[in-house]
Participant: 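Once you've had a glance at the structure underneath, I'll fire off some questions.
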Amino acid sequence: MNNIIAVEKINDNVFCPVINDKEIIKESYLKYLSDESKITGQMPDSIWFPTSTEETAKAIKIINQKKQKATISGSRTGITGGASSFNAENIISLENLKSSPKVYYDKGTNNWVLQVSAKAKLSEIMEILKLKKYSCDNPPEQKLFYPVDPTETSASIGGMISTNASGARTLFYGPTRKWVHGLTVVLSDGSVIEIKRGLNFFAGNKVIIKNSDNERTIEIEEIKTPVTKHAAGYYLKNQMDLIDLFIGQEGTLGIITHAELKLMEINGDFLYLTIFINNNNYISLIKDLKNAVNFKPLAIEFFDDNSIRLLNQYRNEMLEASSVPKLPDNIKSAVYTEINYKKEDFNKLYAELNRILKKNRLDINNTWAGFTVKHLDDMKRFRHALPERINSLIALKKIRIKELTKIGTDMAVPDKYLKKLMSYYTNNLKKYKLDHYIFGHIGNAHLHVNIIPENMGELKIAKELYKKFAEKVVTFNGSVSAEHGIGRLKKEFLKLQYSEKEIAVMKKVKTILDPHNLLNPGVLF
Amino acid sequence: MKIIVCIKQVPDTSEIKINYLTNTIDRSSTDNIINPYDLHAIEEAVKLKEKFNAEVSVITMGPQQSESALREALARGADYAFLLCDKYFAGADTFVTSYTLSKMIEMLGRFDLILCGKQAIDGETAQVGPELAEILKIPLITYVNKITDIKKDSIEADCLTSSGTRIIRSKLPALITVTKAINIPRLISLTGLYKSFNHKINIINSNELNIDRTKIGLKGSPTKVKKIKTLCYNKKAHLMEGTPKDNAIKIIELVQNKINEKSSDKNDIKLINRNKITEDKKIFIIGEMNDHKITTSTYQLTYIAKKLSNDLRSTINLMILTDNAESVIKENPHPDVHNIIIIENHRFKIFDHGLFKESIYEYLQDKNPEIILGTSSYEGRTLLSCLASKFRTGLTADCTGLDIDPDTKLLIQTRPAYGGNILASIECENNKPQMATIRPNTFPYIKPKNRRPDINILKTNSDIKSNFEIIKDIKQEISSKETQGSEIFISGGRGIGSKKDFNLLYEVAQILKAEVGASRSAVDAGWISYNHQIGQTGKTVSPKVYIACGISGAAQHLAGMQSSELIIAINKDENAQIFNFSDYGIIGDYRSILNEMFKSLKEKK
């Protein structure tokens with residue numbers, strides 16, 4: 001096991017494009033000050049647009065010399081304010097990084113691997129693979145895909161890796177972490193390291209970064225993390241792979257400029273299935289789907305009764321344009337699942353689904369099934385209509401009261417606590433009569449509670465409730481941030497999740513790698 | 001009851017991506033789907049099955065991959081599925097497709113009803129249904145919104161016309177083509193999927209169909225696509241900045257300047273003098289009447305016909321079918337053509353494609369027509385499809401350009417396809433007549449000079465029989481002005497947000513004396529009626545000023561408004577396609593801009 005990594009020799013004689021005229025920034029670059037959290041940051045002095053790793057390193061060196069700080073910006077689709085710029089004179093936007101996608105077969109791990117620059121959006125990655133828009137010495141015959149599927153397909157891969165993003169199919173495929181094969185990282189002093197999974201480990205919990213004139217030792221201590229989906233704080237495990245430190249660090253330890261992603265082959269057929277539920281048996285249904293013998297769902301998603309009501313309203317108003325089909329009457333909730341199967345096994349799969357539905361006293365005819373790309377697309381649009389509609393609800397309320405915001409939670413618990421957590425959520429929300437919608441990745445016991453407050457009083461209650469929910473989740477050994485990350489908005493939850501000592505361990509790693517707090521100041525801590 | 005549904009698997013044109021650098025369609029990026037209108041045809045058949053214990057067979061012609069369309073049809077409740085799959089079938093135009101389908105239908109034996117979607121979203125011809133009915137010699141009802149009654153031997157249906165709706169009763173067996181209004185297709189259930197996956201799909205080749213291979217596929221097709229080009233747009237909107245008020249004032253100024261601009265007289269084309277006519281390649285125009293007046297679109301046809309007749313040195317003959325010849329004679333001035341042929345019969349008071357087709361065919365069959373042109377209205381498309389099928393010739397629907405090839409003297413017919421993403425040039429080499437329907441408002445309406453064409457009146461036998469009965473003909477009150485009159489359009493798309501929000505567009509339009517238009521998604525959402533729809537599947541307009549609010553700029557919409565002289569786009573999404581095709585653009589909320597425009601226009605008043 002090698003615990004020494006040498007920094008790359010790079011060409012220092014480059015120029016990094018930069019905008020440093022405040023008037024021009026004010027006029028045309030304001031969007032770089034905020035992300036989807038809609039929190040607008042402070043005006044920076046400079047916005048850097050590196051087109052390569054070398055230029056990124058150059059920008060960092062200049063910033064370092066000036067003893068300034070920088071906010072790292074991808075495609076700004078995060079919702080925890082990670083890219084909203086505060087307390088930093090610089091923004092480094094990675095959206096102009098040049099990219100020439102390449103695919104190769106890694107014999108060591110028996111995997112197809114895609115190389116892209118950090119700015120590649122998820123939608124671009126999907127298209128690159130679908131249309132084979134990559135270079136490859138021995139092009140694969142089979143269709144390849146990248147299985148992690150965050151809802152927001154305009155997210156950049158750099159951002160997704162920095163936050164260990166996940167999506168509906170994380171149930172089966174796991175989060176981003178599992179699929180990162182290699183990274184190019186620019187560190188806070190402008191040095192560059194290239195990490196490949198399986199090559200550098202924290203042997204004796206230490207890694208040494210070797211430069212021509214100096215050496216730095218990163219020392220870690222294991223921190224216990226929830227066994228659920230989790231995206232809060234640094235990943236720190238005994239003897240872990242170095243690459244894992246840079247996944248989920250939210251741009252506070254280094255800037256990811258290039259990535260190598262493990263790919264999957266597409267095999268077999270897909271069943272897309274929405275089950276409409278008219279009783280209260282959804283939790284047992286989910287359990288049965290997860291424990292099925294003949295299949296293993298790729299995803300299991302949930303919509304509560306309020307969500308169904310909202311979607312029905314949307315349908316009545318916008319008809320086809322809502323992307324919501326005419327749903328059966330009297331539904332209390334709905335569960336969506338995706339199953340990958342071999343053609344010859346379909347009847348076995350069907351028989352088991354039939355048995356599961358019967359057992360939970362659900363009508364097999366009260367389902368919406370599909371098998372083509374178009375069907376998947378229709379169901380995706382149906383699912384995405386919900387958050388879209390919720391966002392427009394809050395937007396309407398904001399016209400009246402500008403300071404009003406929606407409260408959206410992002411917490412996961414171990415499966416056995418799902419039922420308890422759901423009743424805890426609904427009892428409290430009903431008690432305070434808050435307009436709320438519960439939906440999301442129920443297969444991972446990871447639900448988003450969205451609260452739409454009517455007025456500032458309700459917003460205050462909702463915020464307090466969120467904290468209460470987070471405390472409960474921690475007692476259930478759950479995660480306070482399963483996929484959105486901590487950013488600037490959820491820092492108080494990090495303190496709920498970890499002890500002071502544990503946070504001190506994380507901060508220690510930060511201090512070694514970024515002694516001047518140059519990278520993303522104010523994020524995480 | 002035996003029901004047959006004809007479906008087509010098409011590329012999802014709403015997802016088609018154009019590479020504007022190479023000017024090509026990215027076909028590999030689109031997935032195949034069942035033509036959306038056909039989903040409604042399947043649903044209606046399955047509903048009839050549930051009501052009358054009918055048996056539903058679904059037919060499609062296409063490559064092996066079309067099997068998944070049939071799987072879906074089975075999952076939706078159809079009983080039998082037939083895939084016409086053979087390399088000899090490939091490349092078929094609408095006539096040959098109809099012919100091949102008719103052979104399959106003959107093989108299936110007795111049937112009561114055939115259902116088709118009103119048109120396919122890729123070719124958008126709306127021809128296969130009518131041509132198939134003509135080949136099978138059964139009654140046809142197109143654009144059906146609702147089946148109002150169905151009995152053992154008859155069907156009654158409510159369907160769309162250019163001027164409203166009508167209720168028609170017809171004998172069975174019959175063929176109907178359906179609109180999206182007819183039903184809401186059900187969701188496929190898991191049970192449906194199970195049945196479908198355990199069901200046989202019958203694959204039929206040309207041998208089994210017992211069909212003459214020279215009459216099918218590309219070889220047998222009268223029309224052939226000669227050239228395809230993607231539409232090339234190179235406007236890039238000048239982005240306007242400033243407060244909504246500044247922008248509102250700027251827009252008003254732009255609009256007023258444009259309106260006050262001296263309209264350059266559109267060049268009329270001179271009708272070729274009779275003594276210069278050398279060859280006898282006659283051009284016929286099938287004229288349309290509305291309230292005993294020749295329609296504007298018919299006048300527009302005479303414009304392009306004059307261009308063709310100059311090239312061919314031929315006569316232009318306008319055919320009018322009416323119950324009152326006198327009204328045509330009195331029209332002053334007459335359309336600018338050589339001859340007007342009026343066929344008069346009291347049954348011609350209301351358009352009946354069956355009667356009209358028979359009379360026109362009877363008159364034309366010994367006249368050797370070189371070219372027959374019609375309007376691509378609901379009526380024109382149906383009538384010319386039946387007529388073309390009767391002549392066993394090709395038809396090109398919805399043309400936006402017509403030219404004569406200088407060498408071959410063939411008619412080059414140009415039309416948009418794939419949701420307006422491409423332009424195809426089509427020729428009909430070996431069959432005569434060459435037939436085309438023309439998009440209304442593609443060619444100018446120019447008031448004719450005081451010319452006197454020869455008028456020939458034919459009174460036909462009064463007891464001609466129709467194979468259906470028109471029970472009710474409802475003219476919809478169209479509150480908006482006649483489209484071609486408006487110099488300004490204010491249109492809204494999905495970004496408008498709701499039905500109520502369209503009121504703001506109406507308010508501003510009223511002061512500006514503009515007309516309100518809409519994109520397909522706004523119409524689909526039910527916010528505004530179809531007669532406001534502009535685009536490939538709606539109407540084409542070419543006003544002096546076009547203001548697009550909350551319209552993303554899909555090719556489908558652009559096809560209907562790109563010839564506008566000045567295009568101003570307002571959209572929140574800075575990446576909206578519409579900005580690539582506009583003269584001026586504002587990134588922002590249309591509400592604030594229109595509100596300011598409203599205020600400032602009110603003040604001026």
Side-chain angles (χ1 to χ4, degrees), chain A residues 27-28 31 126-127 130-133 154 269 271-276 314-328 337 339 341 343-347 349-351 353-354 356-357 362-379 382 392 395-396 399, chain B residues 9-12 14-15 17 19 26-34 36 39 65 67-69 71-72 74-76 180-181 183-198 239 241 493-500 519-527 574-575 587 589 591:
Chain A
E27 216 168 83
S28 315
K31 64 178 183 185
M126 294 194 293
E127 196 174 300
K130 186 174 171 188
L131 305 181
K132 302 197 170 176
K133 286 183 176 170
S154 61
D269 291 338
L271 169 69
Y272 313 109
L273 182 66
T274 305
I275 302 164
F276 299 115
Y314 196 18
R315 159 88 201 175
N316 291 339
E317 241 172 72
M318 305 264 289
L319 301 171
E320 261 188 57
S322 67
S323 301
V324 180
K326 196 176 174 300
L327 303 178
T337 185
I339 296 163
Y341 66 94
K343 197 168 239 106
E344 59 270 26
D345 293 340
F346 181 80
N347 285 356
L349 161 71
Y350 173 81
L353 277 170
N354 198 3
I356 291 173
L357 290 176
L362 293 167
D363 181 358
I364 192 162
N365 292 310
N366 238 356
T367 49
W368 175 17
F371 62 99
T372 67
V373 177
K374 162 80 173 155
H375 298 152
L376 169 64
D377 206 44
D378 285 347
M379 288 194 214
F382 165 64
S392 59
L396 275 177
I399 296 173
Chain B
Q9 191 179 53
V10 296
D12 191 349
S14 62
E15 299 288 322
K17 285 189 188 131
N19 184 336
D26 222 338
R27 271 299 290 275
S28 52
S29 66
T30 58
D31 295 301
N32 290 320
I33 59 170
I34 293 190
L39 285 182
Q65 70 204 33
E67 208 185 296
S68 85
R71 283 265 172 251
E72 179 168 343
L74 289 169
R76 289 177 178 280
K180 283 190 178 180
N183 55 40
I184 300 169
R186 70 195 60 196
L187 299 174
I188 300 171
S189 74
L190 187 56
T191 341
L193 212 60
Y194 173 71
K195 282 183 191 154
S196 154
F197 283 2
N198 285 287
L239 289 181
E241 279 161 8
R494 192 174 170 174
I496 293 297
S498 75
K499 191 170 182 168
K500 214 170 62 203
S519 75
R520 183 167 73 183
S521 36
V523 174
D524 281 349
W527 299 338
E574 60 184 303
N575 297 318
I587 298 166
D589 187 5
R591 290 185 191 91

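Computed from a prediction, not measured in an experiment: that's the story for all the values here. Protein chains get the first letters and strands the later ones, always in sequence-line order, with residue 1 at the start of each.
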Participant: Below 4.0 angstrom, N of the basic side chain to O of the carboxylate: do Lys374(A) and Glu72(B) qualify?
Facilitator: no
Participant: Chain A heavy atoms under 4.5 Å from Ile33(B): which part of the residue, side chain, backbone, both or neither?
Facilitator: side chain
Participant: Relative to chain B, which segment of Lys31(A) carries a heavy atom at a distance below 4.5 Å: side chain, backbone, both, or neither?
Facilitator: side chain
Participant: Can you tell me which portion of Ser68(B) sits under 4.5 Å from chain A's heavy atoms? Options are side chain, backbone, both or neither.
Facilitator: both
Participant: Please walk me through it: do Asp31(B) and Lys130(A) pass side chain to side chain contact (heavy atoms under 4.5 Å, CB included)?
Facilitator: CA-CA 11 Å; Asp31(B) 295 301; Lys130(A) 186 174 171 188; 3.4 Å; yes
Participant: Distance check, rounded to the nearest 0.5 Å: Leu193(B) atom CG versus Ile364(A) atom CD1?
Facilitator: 10.0 Å
Participant: Exactly one of Asn366(A), Thr274(A), Leu353(A), Ile275(A) should register a side-chain contact (heavy atoms from CB on, under 4.5 Å) with Leu190(B). Which one does?
Facilitator: Leu353(A)
Participant: Would you confirm whether the ring centroid of Phe197(B) sits within less than 6.0 angstrom of the ring centroid of Tyr350(A)?
Facilitator: no
Participant: Which bit of Arg186(B) is near chain A, if near means a heavy-atom gap under 4.5 Å: side chain, backbone, both or neither?
Facilitator: neither
Participant: Which heavy atom of Lys326(A) sits nearest to which heavy atom of Leu187(B), and what is that distance?
Facilitator: O-CD1, 3.9 Å
Participant: When the ring planes of Tyr194(B) and Phe346(A) are compared, do they come out parallel, tilted or perpendicular, using 30° and 60° as the limits?
Facilitator: parallel
Participant: Which answer fits Lys499(B), side chain, backbone, both or neither, if we ask what part of it has an atom under 4.5 Å from a heavy atom of chain A?
Facilitator: neither
Participant: Under 4.5 Å, counting heavy-atom pairs only, tell me which of His375(A), Glu27(A), Glu317(A), Lys343(A) racks up the most with chain B.
Facilitator: His375(A)
Participant: Among the options Leu357(A), Thr367(A), Asp378(A), pick out the one with the most heavy-atom pairs lying under 4.5 Å from chain B.
Facilitator: Thr367(A)
Participant: Given a strict heavy-atom distance threshold of 4.5 Å, which part of Leu271(A) is in contact with chain B: side chain, backbone, both, or neither?
Facilitator: side chain
Participant: Going by the rule salt bridge (charged side-chain N to carboxylate O under 4.0 Å, His left out), which residues pair with Glu241(B) if we only count those two or more places apart in sequence or in a different chain?
Facilitator: none
Participant: Counting only non-hydrogen atoms closer than 4.5 Å, does Tyr272(A) touch chain B with its backbone (N, CA, C, O), its side chain (CB onward), both, or neither?
Facilitator: neither
